[in-house]
Amino acid sequence: MTDAVLPVITIGGYLGSGKTTLLNNLLRRADGRRLAVLVNEFGELPIDEDLIVAEDENMISIAGGCICCSFGNDLIGALNELAMLDPPPDYVVIESSGVAIPGAIVSTFSLIDGFRSDGIVVVVDGETVQAAAKDDYIGDTITRQLSDAEIVLVNKLDLVEPEQEKDLASWLSEMAPDAAQVPARFGDVAPETILGVVAEPSTGHTAPHSDAQFESMILRPNDDVDASLLAQDLATGGYGVIRAKGYVAGAEGQTWLIQTVGRRWQAEQAPGHGVTGIVCLGLRGLLLRDQVGKLAIDCCG
Amino acid sequence: MTETTIYVAKKILTMNPNQPEVTHVAVRDGRILGAGVLSDLEPWGTYTLDDRFSDKVLMPGFVEGHAHTMEGTLWRKTYVGWFDRRDPDGKTWAGLKSIDSVIERLKETEAQMTDPDAALSGWGLDPIYMNNQRVSRHDLDKVSTTRPIGVLHASGHILNVNTKALEVSGLLKPGVNHDGIPLAEDGLSTGEIYGMDAMSPVGPHVGFDRAMTDCDEQGLRDYAKLCVRAGVTTCTDLAARLTDESVAMMLKVTSEDRFPARLVPLRIFFGMSAKDVVEYAQALGKKSTDRLRLGRIKAVADGSIQGFSARMRWPGYHNGAPNGLWYTAPDQMSELYHLALKAGVQVHTHTNGDQATQMALDMLEPALRAHPSPDHRFTLQHCQLADAAQFRKMKALEMCVNLFANHHFYWGDEHYRLTVGPERAERMNACRTALDTGVPMTIHSDAPVTPLGPLFTAWCAVNRITASGRTQGEGEKIDMAAALHAITLGAAYTLHMDGEVGSIEVGKQADFAVLDEDPMVVDVMALKDIPVWGTVQGGRVFAAGEL
């Protein structure tokens with residue numbers, strides 16, 4: 001693990017919110033991406049049986065080159081083992097326990113080299129989360145989880161009355177101020193939402209995403225971009241961008257990597273990347289394409 | 001083999017109310033043939049009269065209901081605690097009263113090490129007794145700058161490391177952003193690491209990895225020596241992973257001719273679903289032997305009070321710290337209780353904060369309605385902050401409790417001053433309330449967190465004195481007889497072993513603690529200082545002086 005840095009997506013949320021269903025959907029739709037899933041425990045079938053190729057005490061091998069391991073109480077040890085796999089996985093997905101605080105998991109694995117956080121996804125049961133947040137026992141755990149979220153996957157919306165959905169959304173934006181909200185039924189969302197979009201669409205696994213629920217666009221700013229300003233605008237401007245990732249050319253010709261998840265953003269120098277362009281993902285109809293497009297001009301010198 | 005040995009002692013405290021004190025006990029095939037005066041026992045036939053205990057006081061072998069065999073492995077590291085502490089070989093290591101003396105002792109170890117790259121590990125540090133003086137990486141650099149050094153605090157929740165340890169674990173870099181790793185003015189870690197999560201990258205480089213709660217072979221033998229020195233003949237290992245390898249190791253070591261203790265390891269509920277852990281414990285139970293008793297589960301509801309990770313009810317921590325963390329979600333606890341009751345597997349649950357205790361009670365009640373389970377003896381472990389109503393609930397649910405009497409001595413002052421404040425600190429580890437309410441009760445050391453030693457534990461419960469010498473919680477003191485019951489039959493009851501150990505009565509295991517003085521006669525303040533000559537376990541004699 002010298003220069004390769006593995007992206008890590010942390011999935012949190014209380015028991016019964018639908019984390020396991022989400023994971024299985026991700027694996028089902030991995031589409032060539034090699035995921036290494038770390039679960040707290042091998043519960044009663046964390047992975048749908050039809051996806052399992054082989055299974056031993058410590059690892060489940062999954063169709064398409066994915067694996068699932070339980071990390072018990074040694075996340076760092078499990079991550080270090082993943083880093084030694086040849087070839088290494090494309091993504092690490094950590095399914096945290098129902099009472100874990102996902103931000104704490106991120107700060108722990110951030111201590112070791114070779115991994116970077118690529119999103120904190122908190123799954124909530126749309127029907128029950130507001131009541132659960134008032135529970136004497138688990139209420140503060142749920143609100144702490146939400147406050148760490150970069151994406152809130154609002155699950156089980158099939159059980160929520162349409163008029164309650166609005167109330168739920170505004171409550172969630174208060175509880176999870178840094179997060180983009182993604183509605184879901186049966187944990188079914190485009191994998192890009194959870195795993196991130198591929199920065200260079202021309203060389204990536206898949207074309208920019210587009211389906212009934214999501215849409216994406218590619219932003220191609222001119223050179224001389226203020227990368228930090230652009231990243232910040234994409235994340236916090238209220239344009240409906242759930243995730244964005246891509247490379248731009250800065251003022252003195254340096255290449256910058258921009259990444260946003262929810263309302264958190266990052267811009268760092270990334271020498272050696274020629275192709276520029278930022279893939280932006282949003283909910284269909286809620287991604288404000290024109291305004292996002294305008295940023296390409298506004299953020300240039 | 002039907003040889004009979006009759007031991008004569010100055011006094012035998014039987015814990016049998018029908019004959020509380022006798023002078024002779026007959027042993028055959030490792031079991032008690034009878035206790036009484038010699039003429040009561042002679043009709044059993046030929047015997048050998050053994051008078052080696054004629055100036056000793058025998059008690060039932062002590063039963064420790066909450067300890068960890070890892071103390072055996074810890075003694076291969078350097079002890080740097082504040083209090084004097086005796087190692088498995090009987091050497092007493094003087095308590096260290098300054099950071100300088102800690103450095104000195106580590107240097108002594110360092111000077112004897114031959115491999116220049118090997119890690120140096122210390123344990124038992126407790127700067128709360130040194131005005132909370134901080135230990136930095138620079139302090140430990142005085143011991144060595146070339147080998148990694150790690151010193152674990154007595155609580156087990158804080159690790160101090162030197163610069164080399166930070167370097168080899170990749171933590172000697174700016175920009176470290178973790179609640180558990182404070183930074184110095186230079187932007188680098190001070191070398192203090194708080195909490196198991198933050199410790200996990202550096203621990204393995206300094207001899208403390210996550211598997212350290214699993215004892216190894218030598219550690220288990222060393223731990224058993226500590227048992228003999230403390231008069232313990234039956235001891236729990238309260239949170240073991242019990243992998244196939246560790247069970248095989250435990251079966252091997254405990255079956256050795258001269259292994260002197262009966263070990264009761266509980267499988268921890270972690271990293272396995274409730275369904276799986278219940279099945280696992282059931283399967284383990286079938287492997288039990290006389291000296292290795294498997295088949296129970298330990299669950300952990302919350303963290304520790306001094307680490308502010310215990311779950312507290314309103315009004316929470318006295319210093320305003322945010323509420324602690326659930327280690328097991330209420331729903332998972334509920335599932336475990338249902339499945340375990342259904343399967344007849346016993347669960348011991350760690351609860352420190354009073355909300356954690358309430359959660360366990362709330363989860364157990366409906367599970368008991370669904371699976372009525374006479375004599376389940378589910379036990380709350382530590383249960384330090386329970387109030388009177390919670391004890392009444394435990395009674396109603398037929399639960400047992402194992403209170404952390406030793407903790408009151410070591411950390412009572414901290415709780416009074418900082419974590420929970422005077423009122424709740426006074427009621428912590430409420431032995432009197434438990435007994436008055438009729439909750440079966442025992443008391444424990446949680447070794448290695450505090451030293452294994454039931455007589456000291458009894459002393460703590462009887463006197464409720466803190467490290468600074470204050471009496472804290474006068475109303476929760478118990479008398480000597482109750483304390484001695486707690487460390488024998490009381491603990492045995494929580495393990496469903498009271499028919500077998502815990503008193504000196506016909507038919508039970510020939511397990512004795514051999515004492516130089518009579519605890520019922522000495523001053524209550526001297527209880528902890530009664531010398532332990534050794535034990536008899538399963539009829540085999542173990543002299544502490546000859547281990």
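Only this structure's heavy atoms are used, side chains among them; waters, hydrogens and symmetry mates stay out. The structure presented is a predicted model; accordingly, all values stated were derived computationally and were not measured. Residue numbering restarts at 1 for every chain, and letters A, B, ... go by the order of the sequence lines.
- Neither side chain, His178(B) nor Ser110(A), offers a donor N or O lying under 3.5 Å from an acceptor on the other.
- Interface remark: of the candidates Val176(B), Val277(B), Asn323(B), Asn323(B) forms the most heavy-atom pairs closer than 4.5 Å to chain A.
- Between Arg311(B) and Tyr137(A) the shortest heavy-atom distance is NH2-O, 3.2 Å.
- The two residues Leu111(A) and Leu171(B) have their closest heavy-atom pair at O-CD2, 3.5 Å.
- Within the 4.5 angstrom heavy-atom criterion, no atom of Asp179(B) approaches chain A.
- Looking only at side-chain heavy atoms (C-beta outward), Ser200(B) and Thr108(A) come within less than 4.5 Å of each other.
- For Asn177(B), the part lying near chain A is the backbone, with the side chain staying farther off; criterion is any non-hydrogen pair under 4.5 Å.
- Judged by distance alone, with hydrogens and angles left aside, the side-chain atoms of Gln355(B) form a donor-acceptor pair with the main-chain N or O of Asp136(A) at under 3.5 Å.
- Listed for the Trp326(B) side chain is no donor-acceptor partner under 3.5 Å among the backbone atoms of Gly98(A).
- No part of Ile105(A) comes within reach of chain B, as not one of its non-hydrogen atoms sits under 4.5 angstrom from that chain.
- Here Asp209(B) contributes atom CG and Ile76(A) contributes atom CD1; the two are 13.5 Å apart, rounded to the nearest 0.5 Å.
- Heavy atoms from other residues, nucleotides or ligands lying under 6.0 Å from NZ of Lys342(B) number 12 at most.
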